Protein chains: 2
Amino acid sequence: MTFGEYIREHREALKSEDRRFSVRQVAQRIGVEPAYLSKIERGDVAPPSEAKIRALAEELGEDPDVLLAMAGKVSSDLQEIIRKRPQLFADLIRQLKSAPDHALLRIARDVRDGDW
Amino acid sequence: MTFGEYIREHREALKSEDRRFSVRQVAQRIGVEPAYLSKIERGDVAPPSEAKIRALAEELGEDPDVLLAMAGKVSSDLQEIIRKRPQLFADLIRQLKSAPDHALLRIARDVRDGDW
DNA sequence: ACAAATGTGTAGTATATAGTACACATGACA
DNA sequence: TGTCATGTGTACTATATACTACACATTTGT
């Protein structure tokens with residue numbers, strides 16, 4: 001499923017319950033032209049900028065990191081974290097590439113609990 | 001220290017031992033025009049593409065992830081890893097933002113040793 | 001029935017990215 | 001002393017990114 005298809009699907013779902021989720025009204029709220037949002041949803045153009053994707057995520061109640069990923073992007077705040085300690089993060093992320101989901105969850109939990 | 005300054009410094013250091021590290025010769029080996037490399041080193045233009053930065057890292061014996069970071073970029077292979085599991089990685093990386101270096105090293109080691 | 005709202009086609013724009021091509025003055029070195 | 005290599009200034013170029021503006025046919029609500 002492409003970025004555009006995903007957005008269309010979820011926007012349409014919301015629209016069926018609330019007319020304020022038309023292409024035109026959502027476009028206006030996130031600050032783009034309706035024709036542009038229409039083209040994005042149909043995959044006629046590439047996904048928009050990170051800022052617009054964030055606005056869209058907020059508007060549709062979706063996870064911005066997931067939408068960004070579907071758009072082929074990585075959140076700029078994550079990139080900044082990595083850029084500050086490139087060796088450590090590059091190494092760690094490559095190690096974690098093939099780790100199972102539960103391992104990533106556990107590490108996040110351990111770090112949150114200060115277990116190091 | 002900027003990307004350009006760093007490159008110039010390290011290239012010059014190599015050049016003092018080996019004349020093959022002139023702007024012209026390095027430029028040729030990494031596949032760009034000498035004038036372009038010159039401008040990069042003086043910060044006259046933005047850092048080059050990821051591919052050229054990798055070639056430069058190889059040529060100068062530097063860590064590509066560090067050079068990419070100085071250029072304001074994050075390796076595309078790391079981005080791909082993140083994009084495949086955006087929620088897990090986004091969460092984890094934000095948790096690790098303020099973790100000390102030794103914690104990151106330890107996690108990488110634990111994962112490598114399969115300690116989960 | 002008709003006014004308002006809707007989705008979309010076409011055309012165009014501004015800015016960024018990632019460079020090339022060539023000429024020229026200076027410096028090394030044999 | 002001549003030539004060969006070196007670093008750099010100037011002038012372009014091609015492609016990608018991120019949109020806007022407007023018109024128009026269709027659909028929907030009252």
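Remember, predicted model here, so these are calculated numbers, not experimental data.
- Residue A:R8 is in sugar-phosphate contact alone, with no base atom involved, counting any heavy-atom pair closer than 4.0 Å across all strands shown.
- One distance of note links NE2 of B:H10 with CD of B:E41; it measures 11.5 Å at 0.5 Å rounding.
- Checked by atom type and distance alone, the side chain of A:E50 pairs as donor or acceptor with a backbone atom of A:S76 at under 3.5 Å.
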Polar atoms only, N or O, under 3.5 Å: list the protein pairs with nucleotides 25-30 of chain D and their distances.
none

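- Residue A:E12 qualifies as enclosed at atom CD: its count of foreign heavy atoms under 6.0 Å is above 12.
- Atom CD of B:E5 has more than 12 heavy atoms from other residues, nucleotides or ligands within 6.0 Å.
- The phosphate of D:dT8 has OP1 or OP2 within less than 4.0 Å of a side-chain N or O from B:S38.
- Considering only side-chain N and O atoms, B:Q25 lies under 4.0 angstrom from the phosphate OP1 or OP2 of D:dT6.
- With rounding to whole Å, B:I40 atom CD1 is found 12 Å from C:dT20 atom C1'.
- At least one cation-pi condition fails for A:R8 and A:F3: the charged atom is not both under 6.0 angstrom from the six-membered ring centre and inside a 45 degree cone around its axis.
- One N or O on the side chain of B:R42 and one on the backbone of B:S38 form a donor-acceptor pair closer than 3.5 Å.
- Atom CG in B:D44 sits roughly 16 Å away from atom P in C:dG19 (whole-Å rounding).
- Atom OG in B:S75 sits 10.5 Å away from atom CD1 in B:I53 (nearest 0.5 Å).
- Between the CG atom of B:L37 and the P atom of D:dT8 there is a distance of 9 Å, rounded to whole Å.
- Screening B:K84, B:R83, B:R85, B:R94 against A:D65 for a salt bridge (charged side-chain N to carboxylate O under 4.0 Å, His left out) leaves a single residue, B:R94.
- Looking at B:R20, B:R54, B:R29 one by one, the single match for side chain to side chain donor-acceptor pair (under 3.5 Å) with B:E59 turns out to be B:R29.
- One N or O on the side chain of A:R11 and one on the backbone of A:F21 form a donor-acceptor pair closer than 3.5 Å.
- Residues B:M70 and B:I30 share a single hydrophobic cluster, defined by chaining ILVMFWY side chains whose heavy atoms lie under 4.5 Å apart.
- Taking a 4.0 Å limit (strictly below) on heavy-atom distances, residues 65-81 of chain B reaches DNA chain C at B:K73.
- Residue A:K15 places at least one side-chain N or O closer than 4.0 Å to OP1 or OP2 of C:dG7.
- Between B:Q28 atom CD and D:dC4 atom P the separation is 17 Å, expressed in whole Å.
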What N/O pairs connect the protein and nucleotides 19-23 of chain D at under 3.5 Å? Give each pair on its own line.
{"residue": "D:dC19", "atom": "OP2", "partner": "A:S49", "partner atom": "N", "Å": "2.9"}
{"residue": "D:dC19", "atom": "OP2", "partner": "A:S49", "partner atom": "OG", "Å": "2.4"}
{"residue": "D:dC19", "atom": "O5'", "partner": "A:Y36", "partner atom": "OH", "Å": "3.2"}
{"residue": "D:dT20", "atom": "OP2", "partner": "A:E33", "partner atom": "N", "Å": "3.0"}
{"residue": "D:dT20", "atom": "O4", "partner": "A:K39", "partner atom": "NZ", "Å": "3.3"}

